[in-house]
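Every value quoted in this text rests on a predicted model; they were computed, and no experiment measured them. Below, chain A is the first sequence line, B the second, and so on; all start at residue 1.
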Amino acid sequence: MQKEPKKMKWMPILAAAVLLIGIGATVYVNAAKNDSGRILINGEQFSPDQLLEIAGETTLGEVSGAPLDGLMVAVGVDNPTGRLYTLIGADGYQKTVTWEEMANGIITRERASYFPDLAKAYHVKDIIEIKVE
Amino acid sequence: MKKGKLFTGILLFGSLWGFAECVISPMLGRAGLPSGAILTGVVAFGLMAASRVVYRIPGMQLGMGLVAGAMRLLNPFGGCHLCSAIAIMAEGAVFELIWLGVSSQTVENMPLKMKASLGIVTSYGVYVIGYLVTQVLTPVFSSAGFYLSNLVVFIPQILASGLLAAVLGGLTAPLAFSAREFNVSTLANRVYYPLSIGVSALCWAVVILNANVIAGL
């Protein structure tokens, strides 16, 4: 029979706590998930096709979509240049960008953001809201 | 143990880890599998735990993380290479912190339940803290601003996605710890060095070739 080292006796309890945290968080995340397939901007809901109609379609590199700066102007954001924009995904993932970064970014028909000058961490998928702050 | 053997070991295990991150991880992702959790729970934890019980030298896993992270940074395909590289390097550092009080002898004397528990705690800690670190550092290194609110609202998702890594770490642990039977000191230099350096070079060559093929160069 193998011996259980004294100072490691708490390890199974810690492992059980870790599993409980993971399970609890999984339940919470799934319960909080909310994806209608539309995008909330400045208090209004839009479908991806509507965004392309409103702001037109442009291509950055090999990716096409609605230019984010033009979109903010088109949906009537007041003083758009002095604001911060938070792109929120259906899974809760979000990234905040400045107007300068919005000027070189697009939102695709698949509701994903694309910024060629920023890390891929800024490619938010399944966007459900663009919060103007 | 000779320093040369240790550094070659860091290069070998770090290269294997980096190879898995650059070549295997994108394949898993394309198959719709949670590649991050699988890579951390099986490959990263498995290689770090196995190398720790074989070489028995703290600090080695930090070096492995740096080697694997550097390889990931060279391969700009299959997701965010900057975030992944930061996460990998952070994972090596977190492993070192968690294992500060764990000696190779301790692992040797552990019953299966304890080994699995250590695997669960280590894999979850490495995955979750690595994820948090990359969420903070990626905006900084990519010259965009870091906003705490972006991180705070995403914490439940990070804690949830670590569950799979924890379970896989628990399953991988007994296998990884069984590597302690292998005594690297007894391996002849004429076998150890060419084999380690050869495998490492092969990993780097495949990753560089893979990156160039994908880029169409």
Please test B:Gln157 against A:Lys33 for side chain to side chain donor-acceptor pair (under 3.5 Å), starting from the C-alpha separation and ending with a verdict. CA-CA 10 Å; B:Gln157 182 72 33; A:Lys33 218 172 212 173; over 6 Å; no

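Looking at A:Ile13, there are no atoms closer than 4.5 Å to chain B (heavy atoms on both sides), in backbone or side chain. With a threshold of 4.5 angstrom between heavy atoms, A:Thr96 approaches chain B through its backbone and through its side chain. For B:Ser149, the parts lying under 4.5 angstrom from a heavy atom of chain A are both the backbone and the side chain.
More than 12 heavy atoms of other residues, nucleotides or ligands lie within 6.0 Å of CD in A:Glu133, so this atom counts as buried by the packing criterion. The local environment of OH in A:Tyr28 is sparse, with at most 12 non-hydrogen atoms from other residues, nucleotides or ligands closer than 6.0 Å.
Of all heavy-atom pairs between A:Lys95 and B:Gln135, the closest is NZ-OE1, 3.3 Å. Nearest heavy atom pair, residue B:Ile120 against residue A:Val18, reads CG2-CG1, 3.9 Å. The two atoms that bring B:Ala166 and A:Leu19 nearest to each other are CB-CD2, 4.2 Å, heavy atoms only. Of all non-hydrogen atoms in A:Tyr122 and B:Pro139, the two that sit nearest each other are OH-CB, 3.1 Å. Contact between A:Ala25 and B:Pro156 at its shortest, heavy atoms only, is CB-O, 3.5 Å. Taking both residues in full, the closest heavy atoms of A:Ala119 and B:Leu82 are given as CB-CD2, 4.3 Å, listed atom of the first, atom of the second, then distance.
Taking NZ of B:Lys113 as the reference point, atom CE of A:Met11 lies at 12.5 Å (rounded to 0.5 Å). We find the CG-CD1 distance between B:Leu159 and A:Ile23 to be 13.0 Å, quoted to the nearest 0.5 Å. Here B:Leu163 contributes atom CG and A:Thr26 contributes atom OG1; the two are 5.0 Å apart, rounded to the nearest 0.5 Å. Residue B:Tyr124 holds its OH atom at 6.0 Å from CD1 of A:Ile21, rounded to the nearest 0.5 Å.
Contact of the A:Asp91 side chain with the B:Phe154 side chain is registered, since non-hydrogen atoms from C-beta on lie closer than 4.5 Å. Looking only at side-chain heavy atoms (C-beta outward), A:Tyr93 and B:Val153 stay at 4.5 Å or farther from each other.
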